[in-house]
Structure formats: C-alpha cells, structure tokens
Enquirer: 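Take a look at the following structure, please.
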Protein chains: 2
Amino acid sequence: MNKSSENPRERISDAEHAVMEVLWDRGTLTASEVCEEVCGKRGWSLPTVKTLLSRLVQKRAIETRPDGRRFLYSPIMARADYVGGESKRLVDRLFGGKAASLVAHLAESEALSENDLAEIEALLKELKQ
Amino acid sequence: MNKSSENPRERISDAEHAVMEVLWDRGTLTASEVCEEVCGKRGWSLPTVKTLLSRLVQKRAIETRPDGRRFLYSPIMARADYVGGESKRLVDRLFGGKAASLVAHLAESEALSENDLAEIEALLKELKQ
DNA sequence: CCGGCTTGATTACACCTGTAGTCATCGCGA
DNA sequence: TCGCGATGACTACAGGTGTAATCAAGCCGG
C-alpha cells in the first residue's frame, strides 16, 4: 500500500527539486538554512520549505539527523542519478529513446551556441581518445 | 482569472502529450480514431480520451472543426515547439541552461551509443559546413 | 522561573492530473 | 418514424503538488 516506506525512488516534483539543488550544493543544512537559500529566489515561506523537506524525506530522497532540537537534512539520492533519470525520461518521451535525436534537435533549433558546439566537439574527441 | 481562454501556451501533461503525438502523427482525427491509436497502448477508455481532447482544446494546443454531428481534432501547437520547450525546460532546470552540459552528461553516463556518437559527429561537421 | 522564539508535525486547501461515468442529443438504419 | 448507437458536455473523484497556517513542545534569554 504505502510505497513511500518501501520504494527508495519516488518522483521528485519541481518545487522539491529546487530544495534538492540546495542540498546537493551545500551538503547538510537545517530547514532555516535551506530557506535562506531558496525562500528569497522563489518567494516561499519557511513552512513551505518544511513541507517540501518532509515530502522529500518520505520519498527517501534526503535523510535527517537530529541535532539538538532540530534536524539536519542531507541528500541521499545522488544528483547524477536524478539528472540521469530526468534526462532519460525526456529522451524516451520525445525522441523515442534516441539521445542523438535530442542533440540534433538542440543543434537545429539553435539552442547550441558556438561555444557549446566547440565543447561538444572536444568531448567527442576525448571520448574517441 | 481564467488563463486557459487567453494564454495560447499552457503546459501539456503527460497523458495529454500521448494524445498530441497521435495528432501530430496523423494530422486530423475524430475522438474515436484517436482512441483506436492510444486506448490499446495505454489501457484507456474512450471517455478518457475525450477528456484529454477537451483539455487540450482548452489549452489551445489543438482545435476542432465540426464534421456533421462530431468533431475533427487537429493540432495547433507544432511538435517542434513542444519538443523545443520541453528540452529547454530540462536544460534550464538541470544544466543551468547549458545545452553542452546535457550532452556531456549523456556521454558520461553512456546514454550515447557508438552510433549516436557517430551521428552527432556528422551533425557537427555539417553545422560547421 | 517563565514566556517567547524556534522548530518539526499536522492540517488545510485549491489546482492539476489521470481516469472514468453519466447525460442529453441527434442522425441513421430498420 | 422511432429507438439505438455514437458523440460531445458535464460531472466525479482520488492522488499529487504548491503553498501555507496552525499547533505543540522545548530551549534560551531575561
């Protein structure tokens, strides 16, 4: 019944993701510290951040450690895993699973700058070593 | 108040996207024809498809033309626009807007096959003409 | 020692989404 | 002509999401 207590990998929503970014960036923080980082940018209040944090705990994306009367929050899910999952979802949904099609699209729609192109080229060269 | 009647570009959900794909593929269809295409694959019923279609009409992603007592549905939003928008969202959210970072991630996570790499390389060559 | 601030927990609530049932209508076939 | 089937409109409803108020408890400064 209750997936959240079993499944270690639940879908992370947009707002939750903003919180994750802060934790990935800074490692371990209290709720108030997270709020300092995001409440300004997104116009949230501390209660909102707390809700997001507890949902992330339920989803087993982060974990808590008691520190006196408060909690320290730190990420469990690795950023690379999240990024990889989301990228794969997109590629599957929109490009039939062909990552090259995504790159082609980016190139054609001019989402890639000269600089991007150069970087990719360098990357390819490296991959072919 | 009511964005749906003003804003021509509303966010398309996952299920709605499945319907859009059919319309992009086939052009203009009746509700039943759409259902024939997707109800099998996704285990939906005709009413579900009709709901999705009317939501898409509200979101101004598709339009209807009366044909006798029924409607013909056809896309307004271009697939390329949708794909571009979604790709941009992802790149912005996860890669700080740097498309090259997305490509780098795909490469590093081995989401790119030999074939993909070759294709991308060819693309780059072409772009630099 | 006590009241106020900090903090997590609980509750709230509107909107979106996925999925579908029901209803009224209207034209086609018998 | 008349009932049936197809069709769009309306309604439903549970679960997720964004955003927050409120509550209870406990520690800290006065």
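In what follows, chains are A, B, ... by sequence order, proteins preceding strands, each numbered from 1.
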Enquirer: Can you list the residues that meet the side-chain hydrogen bond (donor to acceptor under 3.5 Å, both in side chains) rule with B:S113, with sequence neighbours excluded?
Expert: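 Partners of B:S113 under the side-chain hydrogen bond (donor to acceptor under 3.5 Å, both in side chains) test: B:D116.
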Enquirer: For A:R11 and D:dG16, give me the distance from atom CZ to atom P, rounded to whole Å.
Expert: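 So the CZ-P distance, A:R11 to D:dG16, works out to 13 Å.
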Enquirer: Near DNA chain D, counting only heavy atoms under 4.0 Å, which residues of residues 26-39 of chain B show up?
Expert: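 Of all residues in residues 26-39 of chain B, the ones placing a heavy atom under 4.0 Å from DNA chain D are B:A31, B:S32.
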Enquirer: With the side chain counted from C-beta on, respond yes when A:L23 and A:I62 share a heavy-atom pair under 4.5 Å apart, and no when they do not.
Expert: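 Yes, their side chains come closer than 4.5 Å.
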Enquirer: Can you tell me which residue pairs pass the disulfide bond (SG atoms under 2.5 Å apart) test with a partner in residues 10-115 of chain B, sequence neighbours excluded?
Expert: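 Counting only pairs at least two positions apart or across chains, the disulfide bond (SG atoms under 2.5 Å apart) contacts touching residues 10-115 of chain B are B:C35-B:C39.
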Enquirer: In residues 12-20 of chain B, which ones come under 4.0 Å of DNA chain C, going by heavy atoms?
Expert: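 Only B:S13, B:D14, B:A15 qualify.
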Enquirer: Through what angle, rounded to 10 degrees, does the axis of the helix from C:dC1-D:dG30 to C:dA30-D:dT1 turn between its ends, using five pairs per end?
Expert: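 The helix from C:dC1-D:dG30 to C:dA30-D:dT1 shows an end-to-end axis angle of 20°.
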Enquirer: Quick one: what's the B/S/- string for nucleotides 9-15 of chain D, heavy-atom cutoff under 4.0 Å, read 5' to 3'?
Expert: S--B---
Enquirer: So if I take every side-chain heavy atom of B:W44 and compare against D:dT17, D:dC28, C:dA20, which nucleotide ends up nearest?
Expert: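 The closest nucleotide is C:dA20.
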Enquirer: If you measure from the Lys or Arg side-chain nitrogens to the Asp or Glu carboxylate oxygens, is any gap between A:R89 and A:D92 under 4.0 Å?
Expert: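 Salt bridge between A:R89 and A:D92, a charged N being under 4.0 Å from a carboxylate O: no.
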Enquirer: Do you reckon A:F95 sits in the same ILVMFWY cluster as A:L106, going by side-chain contacts under 4.5 Å, direct or chained?
Expert: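 Same cluster.
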Enquirer: What are the two closest non-hydrogen atoms of A:A18 and A:R42, and how far apart are they?
Expert: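 Where A:A18 meets A:R42 most closely, the heavy atoms are CB-NH1, 3.7 Å.
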Enquirer: If you only use heavy atoms from C-beta on, which nucleotide in D:dA20, C:dA20, C:dT7 is closest to the side chain of A:R70?
Expert: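 Out of D:dA20, C:dA20, C:dT7, the nucleotide with an atom closest to A:R70's side chain is C:dT7.
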Enquirer: Ignoring backbone atoms, establish whether B:S45 has a side-chain N or O less than 4.0 Å from OP1 or OP2 of C:dT19.
Expert: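 No, outside the criterion.
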Enquirer: If I compare all heavy atoms of B:V49 with all of B:A31, which pair ends up nearest, and what's the gap?
Expert: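 The pair with the smallest heavy-atom distance is CG1-O, 4.0 Å.
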Enquirer: Between A:E36 and A:K41, is there a salt bridge with N-O shorter than 4.0 Å?
Expert: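 No.
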Enquirer: Distance from A:E33 atom CD to A:R26 atom CZ, nearest 0.5 Å?
Expert: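 Rounded to the nearest 0.5 Å, the CD-CZ separation comes to 6.0 Å.
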Enquirer: Are A:W24 and A:L53 connected in the hydrophobic side-chain network, where two residues link if heavy atoms are under 4.5 Å apart?
Expert: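 Yes; tracing contacts between hydrophobic side chains, which count when under 4.5 Å, links both residues.
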Enquirer: Separation of A:L46 atom CG from D:dT19 atom C1', in whole Å?
Expert: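 These atoms are roughly 13 Å apart.
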Enquirer: Taking B:E16 for its side chain and B:S13 for its backbone only, find out whether a donor-acceptor pair lies under 3.5 Å.
Expert: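 At least one qualifying donor-acceptor pair exists.
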